[in-house]
Protein chains: 4
Amino acid sequence: MARVPAAERRNDLVNAAIQVIASHGVDGATTRRIAERANAPLATLHYCFQTKELLFAAVFERLTERYREVLIENDVHGDLVTTARAILRGLLNWYLESDSEFASASFELISWAQRQEEHPAVTVYNEAFNVVRSILARAAAGQDVTPGTIDQIGYVLSTLTDGFVVNWLTYADRARAAEQAEIVVEVFDAWLAAKLA
Amino acid sequence: MARVPAAERRNDLVNAAIQVIASHGVDGATTRRIAERANAPLATLHYCFQTKELLFAAVFERLTERYREVLIENDVHGDLVTTARAILRGLLNWYLESDSEFASASFELISWAQRQEEHPAVTVYNEAFNVVRSILARAAAGQDVTPGTIDQIGYVLSTLTDGFVVNWLTYADRARAAEQAEIVVEVFDAWLAAKLA
Amino acid sequence: MARVPAAERRNDLVNAAIQVIASHGVDGATTRRIAERANAPLATLHYCFQTKELLFAAVFERLTERYREVLIENDVHGDLVTTARAILRGLLNWYLESDSEFASASFELISWAQRQEEHPAVTVYNEAFNVVRSILARAAAGQDVTPGTIDQIGYVLSTLTDGFVVNWLTYADRARAAEQAEIVVEVFDAWLAAKLA
Amino acid sequence: MARVPAAERRNDLVNAAIQVIASHGVDGATTRRIAERANAPLATLHYCFQTKELLFAAVFERLTERYREVLIENDVHGDLVTTARAILRGLLNWYLESDSEFASASFELISWAQRQEEHPAVTVYNEAFNVVRSILARAAAGQDVTPGTIDQIGYVLSTLTDGFVVNWLTYADRARAAEQAEIVVEVFDAWLAAKLA
DNA sequence: AATGAATGAGGCTTCATTCAT
DNA sequence: TATGAATGAAGCCTCATTCAT
């Protein structure tokens with residue numbers, strides 16, 4: 001096996017971990033499988049990441065980044081309602097993309113993360129939440145909206161998104177999920193309209 | 001030695017499994033741990049349930065039952081809006097109850113179940129959905145509501161509930177979750193009002 | 001399960017054991033499988049035969065009996081050569097019979113029996129040998145044959161038979177085995193002719 | 001810790017397996033016992049041979065090799081009769097050698113092998129048969145002998161050998177077996193003489 | 001007398017990790 | 001530095017057997 005510099009290996013391993021988690025679940029994501037997917041010798045995994053836990057931490061960092069990207073990509077720089085809805089749609093679409101291992105993987109990791117010392121899940125959530133908040137805050141700039149309201153919008157955003165994902169992962173029926181995405185947006189709109197009335 | 005009827009033993013084991021799953025996650029729910037929790041030798045577990053998988057199937061049955069009970073307990077026999085909201089509140093409260101290992105366990109099991117041949121997760125969902133539908137249908141009896149609408153209400157109900165749970169399991173902060181439950185109900189109300197207007 | 005008297009059960013269990021040994025091998029012949037085949041509760045096996053070892057001892061007794069029967073059935077009461085050859089043919093045919101679990105079972109048991117305290121395999125062999133000897137002795141009555149020669153004939157008989165079985169069990173090809181039986185008889189004839197010349 | 005090359009470790013394990021099979025039987029040849037005999041931790045066994053079955057496959061390869069060696073060592077390069085008899089004697093002596101776990105092990109494995117998917121027992125037999133055939137063919141070079149006859153000689157050779165071994169393993173009485181070896185050779189000679197007359 | 005229930009011992013295998021080079 | 005080799009701990013499961021009724 002060709003000797004590959006550690007930095008590159010780290011990258012490969014994180015990617016491999018995400019793929020394996022997405023397809024085999026957290027508990028199916030063994031070091032061997034991950035190393036194999038990364039085309040790296042098993043020992044290399046521990047050479048690059050002293051511990052499986054540390055590898056997963058890196059996975060979390062990557063997921064955090066990716067969330068941020070998705071959010072920013074979907075920032076339409078419009079008014080509050082328009083912007084919030086765009087974010088929601090962006091997230092739903094992202095989850096629906098077939099190759100979005102990121103989505104399944106991050107979902108897979110939620111309950112695992114809970115049982116870790118450092119609660120990395122919370123970190124991901126907080127990070128994502130901060131990005132959402134800052135996007136919404138700018139969108140609300142001219143309008144008369146309290147920070148509390150923005151937080152609530154963020155919460156509803158994530159609640160709807162997560163609820164949507166649970167169903168989508170359970171049934172794995174894309175057509176059905178696409179329809180449901182519409183309903184989710186409808187719900188969001190109704191609430192926003194009532195809220196900001 | 002204690003000569004316990006098999007039915008009871010099976011019961012104990014299912015309970016133990018639920019507790020262990022709730023506290024250690026699906027992958028942390030080893031046969032050893034479950035047997036220990038049930039105060040039974042490991043071999044007894046395999047005497048009662050030839051296979052770990054079969055034990056988990058029994059867990060699913062139990063969860064399905066429990067869901068049904070919770071739903072029925074929260075049927076207020078009012079009109080559609082009142083009834084739907086009562087169900088939502090009932091579910092949220094149930095999830096919030098401290099000793100509700102059922103909730104965490106069933107959530108834990110979702111992604112595991114997905115990877116099983118028979119997809120028991122889908123079964124739980126379908127069962128729960130049917131109960132919700134029948135309750136809502138009766139509530140809507142005199143009113144002019146299409147079956148499609150009732151299905152949508154069911155879907156929104158479960159989406160909001162699941163989204164709520166994800167957050168609650170992530171942060172494990174009861175006070176915060178209690179507040180968020182209010183928001184969730186608010187969202188539901190807003191959408192229902194708009195929908196049925 | 002209907003309560004069945006122990007005596008009858010013993011019989012069923014021995015039969016079941018022979019069948020299971022023949023089809024699953026000695027090590028595949030578990031108490032559970034045997035009980036199941038005998039249509040008896042597992043505990044009954046140990047009620048009838050304190051130990052698996054004791055059950056197998058009974059199996060050996062049965063095999064010994066059966067060997068004796070086969071030998072006697074094939075005693076043509078002719079002269080030495082005729083009689084000896086008839087016995088050989090009888091044994092080969094018996095082994096070739098498709099439903100002859102006795103044959104496979106007894107062969108399966110040889111090496112197992114070696115490792116038992118009481119060496120039951122030796123007993124079966126000795127018993128069979130004695131029967132052969134007495135048949136041959138009578139056949140040789142008028143002729144001038146030493147006891148040593150009769151023992152040798154017995155030994156060659158069993159050597160050829162066993163060698164034949166090994167091949168037959170290995171290849172499990174009946175047509176081939178049938179041809180080989182002819183050769184075996186040919187070998188026996190040649191030796192007997194030379195010996196008694 | 002001793003940093004032994006994998007090839008050597010594999011070798012040790014195969015040897016250990018043969019010894020354990022010879023002394024404890026196929027079903028008594030547990031991974032634990034084999035590892036212990038090889039002075040290796042249990043996990044090492046599975047590092048070298050993913051599966052017990054694969055280890056046993058390696059055992060078969062070794063046995064096949066050894067058979068070939070024994071046959072070739074006993075090729076006296078004489079005429080057909082001389083050569084055939086030399087092979088028979090060589091095999092009988094080999095089986096009689098006290099440290100010949102190979103012999104007992106290979107016999108032990110026959111019935112086990114039958115129940116394997118790939119029937120490795122057949123492979124051992126076929127291999128051995130081919131070697132015998134080629135040796136005999138060369139010995140018969142100048143003589144007027146059909147291939148069919150050579151095959152028959154090979155078959156009789158193995159039948160006599162196997163029959164001899166069954167008895168030897170059953171009684172484990174070396175003196176007796178030595179005498180019987182003489183008879184076996186006598187039988188072979190008589191048949192060959194008649195055959196080639 | 002006969003059997004459902006129960007179990008300690010041990011089966012094979014896989015895990016994350018560490019060692020030696 | 002990077003990796004083949006090695007391993008203790010733990011995974012699930014099955015065995016022959018015994019207990020309590």
Side-chain angles (χ1 to χ4, degrees), chain A residues 1-9 27-35 40-56, chain B residues 1-10 27-35 40-55, chain C residues 1-9 27-35 40-56, chain D residues 1-10 27-35 40-55:
Chain A
M1 219 160 268
R3 303 216 159 192
V4 174
E8 195 176 321
R9 284 291 201 202
D27 42 317
T30 65
T31 51
R32 238 190 280 277
R33 261 207 270 255
I34 293 170
L42 176 56
T44 296
L45 189 152
H46 282 92
Y47 177 64
C48 296
F49 297 94
Q50 215 150 18
T51 281
K52 192 189 181 184
E53 200 175 322
L54 287 175
L55 167 58
F56 274 36
Chain B
M1 305 270 163
R3 189 78 185 156
V4 176
E8 196 175 320
R9 262 290 146 94
R10 285 176 62 97
D27 41 317
T30 66
T31 50
R32 249 194 269 280
R33 264 206 269 253
I34 293 170
L42 180 52
T44 294
L45 187 153
H46 282 93
Y47 173 67
C48 296
F49 296 94
Q50 213 147 34
T51 284
K52 190 189 180 185
E53 202 175 317
L54 287 175
L55 168 58
Chain C
M1 220 160 267
R3 304 215 159 194
V4 174
E8 194 176 322
R9 283 292 201 199
D27 43 317
T30 66
T31 52
R32 237 189 280 278
R33 261 207 270 254
I34 294 170
L42 176 56
T44 296
L45 189 151
H46 282 91
Y47 177 65
C48 296
F49 298 93
Q50 214 149 21
T51 282
K52 191 189 181 183
E53 201 175 322
L54 288 175
L55 167 59
F56 274 36
Chain D
M1 303 271 162
R3 187 78 183 155
V4 176
E8 195 175 322
R9 263 287 147 93
R10 285 176 61 96
D27 42 317
T30 65
T31 51
R32 248 193 268 279
R33 265 207 267 254
I34 293 171
L42 180 53
T44 295
L45 187 153
H46 281 93
Y47 173 66
C48 296
F49 296 94
Q50 211 146 36
T51 282
K52 189 190 180 183
E53 202 175 317
L54 287 174
L55 168 58

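Lettering follows sequence order; numbering is per chain, from 1.
- Stem list for DNA chain F (at least 3 consecutive Watson-Crick or G-U pairs, distances under 3.5 Å): E:2-21 with F:2-21.
- Contact record, B:Gln50 with B:His46: O-CD2, 3.1 Å, taken as the closest heavy-atom pair.
- Between A:Pro41 and A:Arg9 there is a side-chain heavy-atom pair separated by less than 4.5 Å.
- Rounding to the nearest 0.5 angstrom, the gap separating the CZ atom in D:Arg10 from the CG atom in D:Leu45 is 10.5 Å.
- For D:Arg9, a side-chain nitrogen or oxygen approaches OP1 or OP2 of F:dT7 to under 4.0 Å.
- Not a single donor-acceptor pair under 3.5 Å links the side chain of C:Thr51 to the backbone N or O of C:Leu54.
- For C:Phe56, the ring pair (Phe, Tyr, Trp, His ring centres under 6.0 Å) test picks out C:Trp112, with sequence neighbours left out.
- When all heavy atoms are compared, the tightest approach of A:Gly28 to A:Arg33 is O-NE, 2.9 Å.
- In this structure, B:Arg32 CZ and B:Ile34 CD1 are separated by 12.0 Å, a value rounded to the nearest 0.5 Å.
- At whole-Å resolution of the value, CD in C:Glu8 and P in E:dA2 are 10 Å apart.
- At E:dA2, none of the side-chain N or O atoms of C:Thr44 fall inside 4.0 Å of OP1 or OP2 (strictly under the cut-off).
- Rounding to whole angstrom units, CG of residue C:Leu55 and C1' of F:dC15 are separated by 15 Å.
- Here the straight-line distance linking atom OG1 of B:Thr30 with atom NZ of B:Lys52 works out to 7.0 Å at 0.5 Å rounding.
- Rounded to whole Å, atom C1' of E:dT13 lies 13 Å from atom CG of D:Leu54.
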### Sequence-aligned protein contact record of nucleotides 9-14 of chain F, with B where the base is within under 4.0 Å of a protein heavy atom and S where only the sugar-phosphate is
-SBSBB
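- Distance CD1 (D:Ile34) to C1' (E:dG10): 15 Å, rounded to an integer number of Å.
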